[in-house]
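One structure is given here, and the rest of the page talks about it.
Since this is a predicted model, take the numbers as computed values, not measurements.
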Amino acid sequence: MSASATDYIGMWYRARARLGIDDRIEFIFINPGSGKRHTVALRHRDHDGVGGIAESLKRMGVRQPPMPLSRQTRAPAFWRRWQARPEQRQPQSPQWRIFTSTADEQADEPLVQWLTPQQTRALRQRAEAMQVSLNSLLLKALHLAVADTLMTHAGPISWCFPVNMRGVVPMGRPDMNLSSAFYMTVDSGDSLAHLDRTIRSYLKANIHWRYWHLARIGRLVGQWGVDWLCGRLLNGAQHGGSFSNLGEWQIDFVSGGLAPDTVFACCGPGSPTHPVANGMMIVNGTLSLALKLHPSLGASETVVQDCLQRWVDGLGVSA
């Protein structure tokens, strides 16, 4: 299969934009000393999170680090891409609280918090001691924060889990949309060990490969067909959001005239069916957490702040 410069995943975000749903990804540079922040806003139709990191650094004049690659070294056999879903538990539609804030009371941009390098190391050590992945800790804390602040009662809901496909699929451009995903059910009572096993089982079952092929249906139906399908899906299943971990990076901010301890964060736009937009990554040893709620929830900036703080507190690391 040859590489194509056509961004078939980006077609979905172009379709969403035509339906009035923002496809902006925001990349935020924060000077921790002054609190000053600079945002580079890109369109998801052009880049996924990893590709957007590269493009935003380029626009800021920062030296480009290597892009992270898929953990898979080669594509699985075609039949292995269509295995059964590894869990049978079905999610419920999230029971969102009714918020009535005005547009002026809602946050215009993602809110960001970060751990110190010492706290980030402590979080790693906690994950290692419990023999689970860092993703399991982050997802559990996020889900509990969302359940406590945004939902009327906690039930099992689905989260979209993006997976980087770079290095294992043909790339027309390294900064285009080269991510797939799978959907997993998360409940407040799930143990960290259960979440860790579930994440691993989905990856082992190659469910993200199934979605990779399905998401590239634009090759067959074109943009018009994707537009029609997107409209139907927006009236379909409801999810919590995308759990967007952009990985770990070493970035020379000084090369772009920025402070060496710049905090770098990323957050996508969310949508009515995936309203909890978030982003996390470790840059130069510092974990950043970004959160934004889609306007369809009607939640105020104060609610976002509360949810974000509970997410941070739920990680269980102290100053």
Side-chain angles (χ1 to χ4, degrees), residues 4 6-25 42-49 51-52 81-96 139 142-143 146 150-151 155-165 169 176-186 198 202 205-245 267-279 292-299:
S4 171
T6 302
D7 193 331
Y8 293 107
I9 309 301
M11 283 184 174
W12 292 94
Y13 294 100
R14 184 173 289 107
R16 292 192 346 166
R18 290 174 177 174
L19 293 170
I21 301 173
D22 185 16
D23 77 329
R24 174 181 47 176
I25 314 180
L42 302 174
R43 302 185 309 181
H44 211 324
R45 72 194 78 171
D46 300 322
H47 311 279
D48 62 8
R81 309 178 194 191
W82 304 91
Q83 299 179 69
R85 185 171 175 264
E87 65 169 350
Q88 300 306 312
R89 183 175 56 170
Q90 295 298 317
Q92 300 173 1
S93 291
Q95 300 300 304
W96 302 117
L139 178 56
L142 174 62
H143 178 84
V146 167
L150 304 178
M151 298 172 64
I157 65 172
S158 70
W159 289 91
C160 179
F161 197 109
V163 181
N164 181 20
M165 303 291 280
V169 297
M176 65 195 293
N177 283 280
L178 290 163
S179 296
S180 188
F182 57 83
Y183 285 86
M184 62 178 283
T185 303
V186 180
T198 303
Y202 268 95
N206 295 305
I207 304 299
H208 55 292
W209 279 93
R210 178 186 309 174
Y211 278 97
W212 173 254
H213 292 297
L214 292 174
R216 298 175 78 245
I217 196 172
R219 294 177 299 165
L220 304 175
V221 301
Q223 185 65 59
W224 182 91
V226 172
D227 291 351
W228 184 87
L229 289 169
C230 186
R232 304 289 79 71
L233 291 174
L234 286 174
N235 294 316
Q238 302 292 308
H239 311 275
S242 291
F243 173 76
S244 302
N245 190 334
C267 192
S271 71
T273 57
H274 297 70
V276 182
N278 59 84
K292 184 176 183 179
L293 301 181
H294 191 266
S296 60
L297 286 187

For Ile25 and His47, work out which heavy atoms get closest and say how close.
-> CD1-O, 3.6 Å

To the nearest 0.5 Å, how far apart are CG in Asn177 and CH2 in Trp12?
-> 13.0 Å

Which pairs pass side-chain hydrogen bond (donor to acceptor under 3.5 Å, both in side chains) with one or both residues in residues 229-243, sequence neighbours excluded?
-> Ser158-His239

Heavy-atom nearest pair, Pro275 first then Trp96, reads CG-CZ2, 3.5 Å

All heavy atoms of Gly270 vs all of Ala277, minimum pair found to be N-CB, 3.6 Å

So which heavy atom on Ala215 is nearest to which on Ile9, and how close?
-> CB-CD1, 3.6 Å

With side chains defined as the heavy atoms from C-beta onward, is the minimum distance between Val226 and Tyr13 less than 4.5 Å?
-> no

Listed once per pair and sorted, the side-chain hydrogen bond (donor to acceptor under 3.5 Å, both in side chains) pairs that draw on residues 268-279, sequence neighbours left out = Tyr183-His274, Ser271-Thr273

Close side-chain approach of Thr185 to Arg85, heavy-atom, < 4.5 Å = yes

What distance do Trp224 atom CH2 and Leu229 atom CG have between them, rounded to the nearest 0.5 Å?
-> 8.5 Å

Heavy-atom pair with the smallest gap, counting every atom of Ser179 and Asp48 = OG-OD2, 2.7 Å

Could you pull out all residues at least two apart from Arg45 that satisfy salt bridge (charged side-chain N to carboxylate O under 4.0 Å, His left out)?
-> Asp23

Is any side-chain heavy atom of Arg14 closer than 4.5 Å to a side-chain heavy atom of Asp7?
-> no

Between Tyr211, Phe161, Trp209, which is the residue that forms a ring pair (Phe, Tyr, Trp, His ring centres under 6.0 Å) with Phe182?
-> Phe161

Using the six-membered ring wherever Trp is involved, compare the ring planes of His143 and Trp159 and label them parallel, tilted or perpendicular (cut-offs 30° and 60°).
-> perpendicular

Answer whether the closest heavy-atom distance between the side chains of Val186 and Leu142 falls below 4.5 Å.
-> no

Determine the minimum heavy-atom distance between Ala15 and Cys230, stating which atoms define it.
-> CB-CB, 3.8 Å

The reported gap from CZ in Arg219 to NE2 in His213 (rounded to nearest 0.5 angstrom) is 8.0 Å

What's the spacing between Tyr8 OH and Met176 CE if we round to 0.5 Å?
-> 8.5 Å

Report yes if some heavy atom in the side chain of Pro272 is under 4.5 Å from a heavy atom in the side chain of Ile21; otherwise report no.
-> yes

